Each structure stands twice: as C-alpha cells, then as structure tokens.
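Below is one structure, written out as structure tokens; the observations come after it.
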Amino acid sequence: MKKLIYLTFTLAMAVQAQQNAIPATMERMDDFTVHLSATRTKVWGGSQGLPRHFEKEFLPTFFERVLTLDDLLAPETTVDWIFTGAHGGITVSVTGRKITLTQRYYDSFGLSSSNPPTLRYPNKTWAEDSKELAGDPRRISLALEGMQAVLRVNDQEILRQECLLDLERHQINISAPANATGDLHLAIERPKADSAHVTVEAKELHQNIYGFGGIVSFPAYFMMSKSSQQQWFQLLKENNLLIQREYPTGVELKQDLSNFDSQADARPHYYGDNFPNGESSDFTYSRRIHQIGGHVLFEFWTLPPWVQAAGSKRVNAEEYARAVVGYCKQAQARSGQPPEIVGVQNEVIQDADAWVDMITHLRKALDAAGFSAVKIHMPDAGDLVTGISSAKTIRNNSEVWAMLDYAATHNYDYQRSFGDPDALDPMIAQWRQEVGAKSFLATELAINIPRYQTIDSYKTSFAQAELYHKLLTSMDARLLAYCWILLDIEEPSFGPTRSLFLVDRSRTFSPTPAGYSLRTFAAFSRRLPEGIVRIGAKSSDPDLLVAAFSSQKLGQTMILLNRSTHSKQIDWSGMPGEFRKMEIADAYHAATISAAPRDHSLTLAPGEIVTLTNVRLRSEISIH
C-alpha cells in the first residue's frame with residue numbers, strides 16, 4: 001500500500017513538473033507567491049483586497065509573456081493579468097476554467113458612462129471575449145503580434161483581437177474570498193533571444209538615394225515666428241527632410257499665372273474641423289530649401305478650370321504645359337532655380353489620350369523654355385494597384401513612356417496589409433514588371449484609414465516603417481516623401497497619422513514632432529543622404545529586416561528592424577567601413593544616439609529600429 005501511495009505521489013509530482021517545465025525557447029523572468037489569507041488592505045482610490053504584484057519591466061512593442069500557475073484556482077478566486085499603456089489596456093481574467101480577454105480605452109473623459117463623470121478615471125470596454133476551457137489553465141500566454149493580441153492557454157490559441165494599443169507595463173491582481181487560505185504560486189516567462197546573421201554584399205549595387213521629405217503647409221509655416229522658422233530649417237537638416245513637394249493652387253490659379261504663391265488664394269484643404277492647410281507655394285521658402293541642399297518637386301492636383309476644354313473634362317494640354325512652365329519660370333526668377341522634378345498630376349486618373357497629350361506637351365514645352373534639365377515623373381496614383389494600371393496604360397505608348405524620367409505612385413493600399421506586410425509582395429512584383437528599370441519615387445506616404453487613425457500608436461508607425469523598408473529594398477525607391485511634414489490641426493487624430501511635425505501653439509507656435517510617425521520615418525531619412533547607394537544585404541531571419549547603404553564619399557549606413565515578438569541577437573559581416581554611431585528608435589527612444597558596437601553584434605528588441613552608421617547628419621555639415 002505504501003509503495004502504491006509513493007508511486008501515485010511520484011507520478012503526480014512528475015506530471016506537475018512536466019506541466020510547469022520551462023520550454024527551451026523561454027526563460028523565467030519572475031516568480032512569486034500570493035498568500036490568499038494575507039490581510040486585505042484599503043488602497044486610496046480603490047477597494048480593499050490583496051496586494052497586487054507589479055512587474056518591473058517596460059514591455060517592448062511586440063512581445064509574448066507567459067503566466068504560469070502552479071496550483072489550481074479555487075472556484076471563487078480570480079487572476080487578473082493587467083496590461084497598461086498610454087491610451088488603454090488589456091486584461092486577461094481567469095476564474096476557474098473561464099478566461100476573458102478585454103481591451104479598454106481610458107484616455108478621455110468622453111468615455112465615461114455618466115455626465116458629469118463620477119469616476120476619477122475614464123474607462124470604456126472596446127472589445128471583450130470569453131471562453132470556457134476544456135482543462136485547467138496552467139500556462140497563459142498573451143502576445144502582441146503585429147496588430148493582433150493573441151491569447152493562448154496551455155500552448156493552444158484561445159482568443160484573438162485586433163489591437164492598436166501600445167502596452168508598456170503589466171501587473172497581477174488576485175481576488176479571493178475573505179476566508180480564503182493557502183498560497184498561489186505564479187511565474188512570468190518571456191522568449192529567449194533568437195540568433196540572426198546579416199550578410200552584406202558590398203559589390204551588389206542598387207539604387208542611389210535622391211532624398212526624403214514631403215509637403216509643408218504654408219498656413220502652418222507662417223504661424224511660426226522667425227526664430228521658430230529658423231528652428232524648422234534646422235530640424236529639416238537634422239532629419240534630412242530636404243525634399244519640398246509643392247502643391248500649388250490649382251482651382252484659384254489665375255490664367256495669367258500671377259498668384260502661384262499668393263497665400264490669400266491658397267486652396268482650402270482641411271480635414272474635419274481643422275482649419276485650412278492650403279495648397280500653395282512660396283518661392284522664398286523654395287530658395288531656403290535649395291540653400292540647405294534640398295530639392296523642390298512640383299505637381300498639380302486639381303487642374304485650373306481654364307486648363308479644361310470648354311464644356312468637357314478633357315484637358316487642354318497646351319494650357320496645362322503653359323501653366324507648369326510658368327511655374328518653372330517664376331521659380332527660376334524668384335527662388336533662383338526651377339523645380340528639379342515636375343509630376344504630371346496627383347491622384348487624378350485621366351484617360352490614355354489625355355496622358356499622352358499632357359506628357360508630350362509638357363516635355364516639349366519644358367525643353368523649348370530652356371528647362372531640359374527638369375525631370376518629369378509619371379502621374380501619381382493614390383495606391384499601388386492603380387499605379388500599376390497607370391504604368392501599364394502609359395507604357396502602351398513607348399515613345400511617351402520614354403519621356404518620363406521617373407515612375408511614381410502613392411501606397412495607401414498598403415494599410416490593408418498592416419500586420420501582414422508581405423501580403424503586398426505579389427503586387428510589388430507586378431509593379432516592378434510594369435515600370436521596368438525606370439527610377440521610382442514614393443511620392444506620398446501616410447495613414448488615412450480611420451481604423452488606424454484612432455490614436456498615436458508606435459505600433460502603427462512601425463507598420464509604416466515596414467513599408468519604408470519594402471519601398472527601399474523591394475521597389476528600389478530613390479525618394480520617400482511623407483504626405484505632410486508640417487501641419488496645424490484641431491483634431492488630434494490627424495496629427496501623427498498625416499504629418500511628421502505640428503505647430504505647437506502651447507509652446508510659442510514652435511515646430512514639434514506630430515507623434516511616432518517622425519520617429520520611424522527619421523530612422524531611415526537621417527543617415528541616408530543624397531547620393532548614397534543601396535547595396536546587397538540579407539538576413540538569416542525573415543523577421544529581422546535589413547537594408548544597407550554605402551558611398552566612398554558619404555560613408556555607410558545599415559538599418560535593422562525587428563518585427564517579431566522575440567529579441568534578436570545579431571551579428572553581421574561584409575560591411576565596408578566601420579560604424580561609429582548607433583541610433584535607436586522604439587516606443588521609448590527617438591533617434592537615441594550611442595557608440596556603435598565594435599564587435600559587430602547587438603541585441604535588437606521586438607519593435608526596435610536600429611540605424612548603424614558613420615554618415616554625418618546634414619545639420620553637422622556646412623552648406624556653401
């Protein structure tokens with residue numbers, strides 16, 4: 001009998017040890033014991049209960065954390081695993097065999113259930129799902145994978161929700177009856193770092209970089225004082241945002257072309273209750289851009305009404321070309337030089353005959369006026385699928401296609417691939433097939449789908465960074481231009497999603513980062529000056545993205561992104577030159593600079609972007 005009891009006990013202990021064994025891919029961060037009979041304490045602002053357990057870490061953007069329970073939960077005992085961030089949080093609740101995944105927002109008193117609010121903290125449930133488990137929960141895992149919060153129990157997926165929240169910290173709250181006894185043993189695990197190697201092929205040459213930038217709202221720019229405007233140009237140099245993409249007035253443009261940079265005639269362009277941002281030019285501003293080594297791109301959106309043929313939508317190609325050449329002449333006279341590139345038209349799809357006429361007349365008119373050095377990029381489509389169609393249409397006329405110096409498109413349809421960016425790859429392959437060897441400009445990048453404009457989220461900005469990587473490495477983009485780089489806004493959702501900087505009225509109308517969008521964009525722009533060339537680079541890990549650039553004159557830069565839930569222990573080989581500096585961008589760091597590792601290795605946290613470089617910032621170089 002004693003032998004039977006001993007064998008039963010041994011078997012039970014072996015089963016429990018197997019259940020609680022740490023997998024080889026995980027490591028234990030913390031373990032602790034909650035005494036259910038401990039004295040309840042009254043916490044200011046809260047109820048009377050057991051002391052909470054607070055984890056000391058700050059979570060990376062993407063993560064997997066596992067909570068293990070050594071003991072079965074009593075029927076009236078609940079474990080709440082609480083994750084928090086700036087805008088809201090997630091709670092995993094376990095009672096017996098019932099588990100619940102709840103997302104909530106708490107960043108506005110507009111979320112209160114009463115008016116006026118009665119609680120000191122707003123709190124509204126955004127999503128909530130529950131499930132009855134078939135067995136006892138021993139290993140409870142919450143992972144933030146891309147745009148998804150994934151809940152697993154005993155290594156099986158139980159629930160999944162879309163989640164845009166940045167979660168930063170977590171804690172454990174145990175609720176038990178007042179007469180509860182015994183102890184509850186818990187532990188927290190996280191994944192071990194994966195090893196990855198980056199191989200650089202310095203002789204594999206791709207595109208050379210033209211630049212980075214976007215559109216300045218001149219009504220916003222002119223709100224700033226002279227000293228703030230000086231600060232603005234310093235920020236442009238520091239972040240290498242030297243491309244000014246001009247949206248001139250189209251609807252209000254006079255037929256004598258006398259009001260290109262009349263701010264009073266700027267076309268009202270606004271979102272929601274925001275004040276007009278304007279579609280206008282400023283030749284004095286263009287002169288400053290050229291003085292700091294930048295370039296100007298010019299492109300109509302809506303054409304002037306007198307460019308349309310009377311009584312129809314058909315374009316009068318001669319008048320269209322006259323208007324563009326007129327801008328070039330005024331830019332030459334008033335800013336010192338014409339725009340380096342003109343686009344055919346922004347986000348307006350013309351029929352094939354109209355495009356043939358517009359491109360043909362534009363090239364001939366530019367040459368005749370002495371602007372043969374001014375390049376032309378193809379009509380901008382709003383998304384990649386339309387850009388493919390446009391390229392195919394124009395390529396049917398090989399003579400006209402040859403007149404275009406650059407292919408160009410926006411990529412707004414990429415947002416449908418957030419969380420699964422590689423789903424865009426087949427469309428990218430189609431684009432490459434259509435445009436062939438023609439140089440490519442990514443002329444407008446931003447977030448404009450409402451579901452992703454809800455909050456300023458680093459996670460959303462990181463999803464955009466995966467697009468920047470694809471544009472540079474899969475599409476050989478020479479230029480990356482954000483939509484707006486300076487705005488004035490009323491409604492906060494338009495700031496970080498549509499612009500890199502805002503005018504901060506609370507700080508003497510000075511320029512300030514709009515949100516995380518600048519952080520991830522600048523991780524690419526800052527150390528990729530005009531003329532640096534992309535070279536071959538590949539990673540042994542598909543979730544470690546790498547792009548490498550080199551120039552004998554300018555130096556070398558390598559940009560690394562970790563899109564997984566695991567840290568990556570990285571080493572590299574083949575890079576010409578030695579890196580001197582390392583810049584980190586993540587939810588907690590904005591271009592934080594330190595010395596580059598000398599041993600060619602580093603650890604990259606989930607959601608982190610690291611730029612290794614020996615390239616000097618434009619703000620450190622004198623421009624004569």
Side-chain angles (χ1 to χ4, degrees), residues 43-46 52 54-55 57-63 65 80-93 100-129 142 144 146-149 161-171 173 271-274 415 418-419 446-464 487-507 512-520 585-590 607:
V43 180
W44 186 90
R52 293 190 180 191
F54 298 94
E55 287 298 316
E57 71 165 332
F58 286 91
L59 292 161
T61 298
F62 309 114
F63 64 82
R65 293 295 181 267
D80 288 326
W81 195 8
I82 303 166
F83 294 80
T84 56
H87 298 286
I90 284 181
T91 297
V92 178
S93 295
T100 301
L101 179 65
T102 304
Q103 277 190 71
R104 63 197 182 283
Y105 283 83
Y106 46 57
D107 56 350
S108 169
F109 273 101
L111 301 173
S112 300
S113 58
S114 60
N115 184 8
T118 55
L119 291 175
R120 292 185 177 91
Y121 48 92
N123 200 328
K124 185 173 182 179
T125 297
W126 179 255
E128 185 170 88
D129 298 288
L142 182 70
L144 254 59
M147 297 295 186
Q148 300 287 310
Q161 295 175 354
E162 183 178 62
C163 177
L164 307 183
L165 294 166
D166 292 330
L167 302 177
E168 298 168 351
R169 309 193 80 173
H170 57 128
Q171 57 186 275
N173 181 50
Y271 309 103
D273 292 336
N274 292 302
Q415 293 166 91
F418 271 13
I447 298 165
N448 64 359
I449 291 180
R451 67 192 296 183
Y452 298 128
Q453 285 190 257
T454 53
I455 54 175
D456 181 18
S457 163
Y458 176 80
K459 186 186 303 182
T460 306
S461 295
F462 185 90
Q464 281 287 95
L487 276 182
D488 170 50
I489 63 164
E490 305 299 320
E491 300 186 7
S493 64
F494 288 101
T497 56
R498 303 308 298 267
S499 186
L500 300 181
F501 288 89
L502 300 174
V503 176
D504 190 343
R505 304 174 205 162
S506 68
R507 291 178 174 84
T512 188
Y516 292 119
S517 56
L518 173 67
R519 190 170 302 191
T520 57
D586 63 17
Y588 309 104
H589 303 88

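Keep in mind that what you see is a predicted model, and the values were worked out from it rather than measured.
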Fill in the blank from the handout: So CG of D456 and OH of Y458: to nearest 0.5 Å the spacing works out to 12.0 Å
Exercise for the section: Kindly say whether S517 contributes a backbone atom to a donor-acceptor pair with the side chain of Q464 at under 3.5 angstrom? Expected result: no
Practice task
Ignoring hydrogens and angles, tell me if any N or O in the side chain of R498 forms a donor-acceptor pair with the backbone of N448 under 3.5 Å.
Solution key: no
Practice task
Please report the closest heavy-atom contact between M147 and F418, naming both atoms and the distance.
Solution key: CE-CD2, 3.6 Å
Problem - Chi angles and distances behind the side chain to side chain contact (heavy atoms under 4.5 Å, CB included) call for T512, R507 - result: CA-CA 9 Å; T512 188; R507 291 178 174 84; 5.9 Å; no
Exercise for the section: Taking all heavy atoms of R519 and all of D586, pick out the closest pair and write down the distance. Expected result: NH1-O, 2.8 Å
Problem - Q161 vs W126 side-chain heavy atoms within contact, under 4.5 Å - result: no
Handout entry: S461 side chain vs T520 backbone, donor-acceptor pair below 3.5 Å
Key = no
Handout entry: Y516 side-chain N/O to A590 backbone N/O, donor-acceptor pair under 3.5 Å
Key = no
Problem - Polar side-chain atom of S457 near backbone of L164 as donor-acceptor pair, under 3.5 Å - result: yes
Problem - Nearest-0.5 Å distance, CD of residue Q453 to OG1 of residue T497 - result: 4.0 Å
Practice task
Could you pull out the closest heavy-atom pair between L165 and Q103, with the gap in Å?
Solution key: CD1-OE1, 3.9 Å
Practice task
Grab the two heavy atoms, one from F109 and one from R120, that are nearest each other, plus how far apart they are.
Solution key: CZ-O, 3.4 Å
Exercise for the section: Output yes when R505 and D488 qualify as a salt bridge under the 4.0 Å nitrogen-oxygen rule, no when they do not. Expected result: yes
Exercise for the section: Tell me whether the guanidinium CZ or amine NZ of R169 lies under 6.0 angstrom from the six-membered ring centre of F83 and within 45° of its axis. Expected result: no
Completion exercise
One should read off an interatomic distance between T84 OG1 and H170 NE2, to the nearest 0.5 angstrom, of 9.5 Å
Problem - Donor-acceptor contact present, side-chain D80 to main-chain S93, <3.5 Å - result: no
Fill in the blank from the handout: Here the gap from L142 atom CG to L101 atom CG, rounded to the nearest 0.5 Å, amounts to 6.5 Å
Fill in the blank from the handout: When rounded to the nearest 0.5 Å, the distance separating CZ of F494 from CG of L502 is 12.5 Å
Practice task
Check the pair E162 / R451 against salt bridge (Lys or Arg N to Asp or Glu O under 4.0 Å), numbers first and verdict last.
Solution key: CA-CA 10 Å; E162 183 178 62; R451 67 192 296 183; 2.7 Å; yes
Problem - Closest non-hydrogen atom pair between L144 and A149, with its separation - result: CD1-CB, 4.0 Å
Fill in the blank from the handout: Those residues at least two apart in sequence (or on a different chain) that pass side-chain contact (heavy atoms from CB on, under 4.5 Å) with D107 are H87, Y105, L111, I455
Exercise for the section: Spell out, as yes or no, whether a donor-acceptor pair under 3.5 Å connects the side chain of K459 to the backbone of C163. Expected result: yes
Practice task
Look only at the side chain of S112 and the backbone of S114, and say whether a donor-acceptor pair between them is shorter than 3.5 Å.
Solution key: no
Fill in the blank from the handout: Closest non-hydrogen atoms of L518 and L500, given as atom of the first, atom of the second and distance, are CB-O, 3.7 Å
Exercise for the section: Taking D273 for its side chain and E491 for its backbone only, find out whether a donor-acceptor pair lies under 3.5 Å. Expected result: no
Problem - Point-to-point distance, once rounded to the nearest 0.5 Å, from CZ of F62 to CG of L167 - result: 11.5 Å
Handout entry: Any donor-acceptor N/O pair, Y106 side chain to P122 backbone, under 3.5 Å
Key = no
